[in-house]
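Just so you know, residue 1 is the first one in the sequence shown, and it goes up from there.
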Amino acid sequence: MAEASRTSEARRDAVFGRWVVFSPARSRRPTDLKSHNPTGNPSPGPGAGAPKPSCPFCAGRESECAPQIFRVPPDDALPWRIRVIENLYPALRRDIEPPPEPEVVDGEAEAEEQPGELAVRGFGFHDVVIETPRHDVRLWDLGAEGVRDVLLAYAARVRQLREHPAVKYVQVFKNHGASAGASMAHSHSQMLGTPFVPPSVTSRLNCMKEVFDRSGNCSLCEISSKDTLISETPNFSAIVPFAASYPFEIWIIPQQHLSYFHEIDEDKALDLGSLLKTMLQKLSKQLNDPPFNFMIHSAPFRLSSSCLPYTHWFLQIVPQLSVIGGFELGSGCYINPVFPEDAAKILRELDCST
């Protein structure tokens with residue numbers, strides 16, 4: 001359909017349950033949409049200059065960071081490539097008592113959350129994954145094997161946190177650029193282990209359960225449109241979702257039905273690393289190195305086996321190209337100026353080999 005003939009359309013997402021209004025009249029041509037706030041990395045890529053002397057994430061400045069949890073490789077005699085450390089300014093504290101577990105009555109736990117206001121101790125884990133020792137290297141500057149190792153470090157730390165009985169969920173995320181929430185320019189990501197299941201996770205599972213109860217199928221296994229496909233590998237598909245909340249939003253979805261990200265193996269992590277690298281390169285080239293966030297949406301720990309048929313993990317990438325306004329905040333609906341099919345076509349055809 002020609003862009004000039006496109007009219008507004010509302011779509012409902014089958015994973016988060018959100019309504020999105022697609023309004024191409026609110027934007028120029030999709031190919032003209034660029035970040036007006038590029039991240040302005042201290043240098044444009046590897047080999048472009050010396051590290052900033054004020055950065056504690058750079059090699060040789062380890063003593064200025066919070067305690068290390070583990071490193072890759074583990075041998076201290078070798079230079080590190082990845083460090084997982086405690087966050088120096090944690091949102092949740094690992095050194096306080098966790099909130100009490102729900103009481104068990106007649107063999108069943110009471111509801112985890114009571115109605116009304118509730119305050120509990122701010123227990124939890126807040127960690128940082130330093131993805132490279134070099135200040136001038138971004139995640140997508142690494143080779144596929146380097147991105148694989150970062151993903152495997154995520155999974156290893158999530159498995160460690162799963163062993164703590166009070167941790168119910170771990171959110172893995174990356175903020176790139178100050179306006180996307182990054183306080184440090186050095187390439188890194190974070191994870192928060194919470195003593196509760198966040199409400200957006202509960203909403204996601206409830207929405208996917210509704211689809212499963214109605215159709216007998218998983219929402220993400222059902223996706224098959226070639227119009228929204230960007231690229232695929234033997235194990236993963238990269239798409240612009242049917243009801244993308246944000247322009248040029250990307251989901252990377254395992255083709256096999258898998259509920260838990262932390263169960264990923266080395267071969268699949270390499271496949272995912274290669275595809276994630278390509279998608280970040282495409283966004284950087286097409287959108288003028290925009291600030292972005294990516295999040296890994298997985299299942300809560302110790303989820304009932306009856307929930308697993310409709311629980312499917314995926315990675316969501318959100319370029320920060322627009323400002324969330326009063327309509328979005330008040331209604332929970334989003335306005336997207338770019339149809340997913342148009343965004344997918346642009347990204348699909350974009351060559352990042354040069």
Side-chain angles (χ1 to χ4, degrees), residues 11 13-16 20 30-31 139-152 154-155 172 174 204 208 211-212 215 217-287 290 292-299 309-319 336 338-354:
R11 298 181 181 182
D13 166 61
V15 173
F16 295 106
V20 181
T31 51
L139 180 61
W140 59 97
D141 294 323
L142 299 173
E145 295 82 2
V147 183
R148 172 203 62 193
D149 291 344
V150 171
L151 295 167
L152 290 173
Y154 295 164
V172 179
K174 177 177 176 65
R204 168 165 55 90
M208 296 181 78
V211 174
F212 182 80
S215 68
N217 296 311
C218 162
S219 302
L220 293 176
C221 292
E222 285 264 81
I223 294 173
S224 60
S225 173
K226 295 298 183 183
D227 291 336
T228 57
L229 179 68
I230 305 169
S231 183
E232 58 186 346
T233 67
N235 298 294
F236 295 92
S237 298
I239 68 165
V240 178
F242 167 78
S245 297
Y246 310 92
F248 291 92
E249 176 182 350
I250 296 173
W251 292 2
I252 301 179
I253 306 168
Q255 294 180 6
Q256 182 183 356
H257 183 83
L258 300 167
S259 299
Y260 289 106
F261 163 75
H262 65 257
E263 295 176 348
I264 195 168
D265 61 29
E266 287 197 18
D267 290 340
K268 287 188 174 64
L270 178 60
D271 204 21
L272 175 59
S274 176
L275 188 57
L276 176 58
K277 171 183 169 73
T278 300
M279 292 303 104
L280 295 178
Q281 286 176 321
K282 284 177 178 283
L283 291 176
S284 180
K285 184 174 182 179
Q286 175 61 36
L287 303 176
F292 68 80
N293 307 97
F294 76 55
M295 295 73 65
I296 296 175
H297 300 287
S298 190
Y310 57 81
T311 308
H312 194 141
W313 78 263
F314 66 103
L315 189 152
Q316 177 189 25
I317 310 172
V318 177
N336 188 339
V338 183
F339 274 92
E341 294 81 2
D342 295 336
K345 183 175 187 294
I346 291 166
L347 294 173
R348 186 168 58 241
E349 296 176 353
L350 185 63
D351 183 5
C352 289
S353 61
T354 57

Under 3.5 Å, is there a donor-acceptor pair between the side chain of [X] and the main chain of [Y]?
X: R348; Y: S231; value: no
X: T278; Y: S274; value: yes
X: K277; Y: L142; value: yes
X: H312; Y: Y260; value: no
X: S284; Y: L280; value: no

> How are the rings of F294 and F292 set relative to one another: parallel (under 30°), tilted (30 to 60°) or perpendicular (over 60°)?
Replying inline: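 Taking F292 first and then F294, their aromatic rings lie parallel (interplane angle under 30°).
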
> Parallel under 30°, tilted from 30 to 60°, perpendicular over 60°: which one fits the rings of W251 and F314?
Replying inline: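 Tilted, since the angle between the ring planes falls between 30° and 60°.
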
Side chain to side chain, [X] and [Y], heavy atoms closer than 4.5 Å:
X: R204; Y: V15; answer: yes
X: S237; Y: I252; answer: no
X: R11; Y: F242; answer: yes

> Charged N to carboxylate O below 4.0 Å: is that the case for E341 and K226?
Replying inline: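 So E341 does not pair with K226 through a salt bridge.
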
>> Is the distance between the ring centroids of H297 and F16 under 6.0 Å?
In response: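 That pair passes the under 6.0 Å test.
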
